[in-house]
Amino acid sequence: MNFELTEQQEMLRAVTREFAEGEIAPIAHEIDATETIPDSLRRKLRENNYFGLLIPEAYGGVDVDSVGYVVVMEELSRASAAVAITVSVHNSVAAGPIARFGTEEQKSCWLPRLAKNSLGAFALTEPDSGSDAAALVTRAVRDGDEYVLNGAKTFVTNGKYADLFVLFARTNPEAKHRGITAFVIERGSPGLTIGKTIDKMGIRGSDTVELSLENCRIPVSRRLDAEGHGFRVAMQSLDGGRIGVAAQALGIAQASLEAATRYARDRYQFGRPIAEFQAIQWMIADMRTEIEAARLLTFQAAWLKDQGEPMGPYASMAKLKASAVARMAADRAVQIHGGYGYTKEFAVERYYRDAKVTELYEGTSEIQRIVISNSVLHPKDGKGSA
Ligand code: COS
């Protein structure tokens, strides 16, 4: 067993930390307050290949392995969870499924654009179908060489600026999950409307929108994989996405620990730094230990993915644990800051709001438990494993 990162993964960490500390951290508060990632930062993220992380080199990406991807996501998130999720959704659930399930023609058409100048989004959730993804009702009806789509999507991360959407619709109303098909829909397609931006508690710099489809006609060539295979495309994409969210949670937790440690050393009460009180020391010890446990689970899931092994339940365990740790660590960090932690003067207030979403999106903690328990109770039927 080897717990060391490779030289290349260590380099990725160093380079990304420098980038995140230099370009993202100084404006992370402004990104949150203005609910916008400035164009200048989006450009720099592109120039530094962060939008090509999971795109094969043959299509203009940098194709980092999953362990390297975790390292990058943790570092970006340590500076800004909003920036990290923008990059994560684009890579793992937009470019990822195209790279994995696309035909050669589809990959050559979209992946170089996603690596260089287009933004991707993932549209699965609907107003009445969240955790029960197989219940989605957006319809896609074949009409000659086209599909006609009608329906509504919500909680679409990146949707405000996305150039293309990996979108799921029902092609067969009789079959539940086997009646779902994946499509790639380009912004500007007639009948596709980008709706209102959702006002969120945290990760406010990351845009989340509603979409509507009204007689949206797209050529058959925009279908990803076969008719009826969409649920598998969604689930396998989410397995990878959940590793990205676990890494995002790690970054928030790590930032919380560092902020709490700095404050505990600097803040004097009762004539000494509060770091000298055991109540504070124990909180710091628990944060550190839990973060390390979550990090090991996250690296394990990523490592399994790199080996091509089934890793769905491992991705769920990593996300379940890391998201709970992020919320706990952000909560302790606010506690250690006392009243100051409840103000916008300190980043821990943002970490606290940002942490919560990691227990919700790309599958709530309850859904992760379903995937994990299925893998224990029904180990042979492949449920929850990719
Ligand atoms: N990889 C590949 N196939 C998978 C899979 C995975 N990770 N998970 C399930 N499947 C397959 C199953 O093997 C089964 O295949 P069959 O066609 O052979 O029957 C099929 O998908 C249905 O599986 P299951 O019965 O477990 O599906 P459910 O409808 O019960 O749903 C959960 C399973 C709850 C795990 C799924 O709906 C889910 O992940 N929901 C959360 C959705 C989510 O994360 N949304 C957030 C979107 S981003 S904000």
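Order of listing sets the numbers, starting from 1, for every ligand and every atom in it. Basis for what follows: all heavy atoms, side chains included, without hydrogens, waters or symmetry-related copies.
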Donor-acceptor contact present, side-chain [X] to main-chain [Y], <3.5 Å:
X    : Y    : value
R327 : T358 : no
R187 : A162 : yes
R170 : A175 : yes

Taking only heavy atoms of [X] into account, list the atoms of ligand 1 that are under 4.0 Å away from them.
X    : result
I367 : 34 (C), 38 (C), 39 (O), 40 (N), 41 (C)
Q236 : 1 (N), 2 (C)
L238 : 43 (C), 44 (O)
D239 : 1 (N), 6 (C), 7 (N)
V371 : 35 (C)

Do we get R223 above F183's six-membered ring, with its NZ or CZ under 6.0 Å from the centre and within 45° of the axis? no

At a 4.0 Å cut-off, with the gap strictly under it, does some heavy atom of G312 reach an atom of ligand 1? no

Any N or O of [X] that comes nearer than 3.5 Å to an N or O of ligand 1?
X    : value
L124 : no
D132 : no
Y361 : no
H177 : yes
T125 : no

Considering H229, Q368, R242, E362 one by one, which has a heavy atom nearer to atom 39 (O) of ligand 1 than any of the others?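 Closest candidate by heavy-atom distance is R242.
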
Side chain or backbone of R178 under 4.0 Å from ligand 1, or both, or neither, by non-hydrogen atoms?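 Under 4.0 Å from ligand 1, R178 contributes side-chain atoms alone.
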
Can you tell me which residue among Y50, F51, F122, F165 is in a ring pair (Phe, Tyr, Trp, His ring centres under 6.0 Å) with H90? F51

Count the heavy atoms belonging to other residues, nucleotides or ligands that lie under 6.0 Å from [atom1] of [X], then report whether that count exceeds 12.
X    : atom1 : value
Q8   : CD    : no
R267 : CZ    : yes
E7   : CD    : no

Quick one: do I27 and E30 satisfy side chain to side chain contact (heavy atoms under 4.5 Å, CB included)? Show the steps, please. CA-CA 5 Å; I27 57 167; E30 179 193 326; 3.7 Å; yes

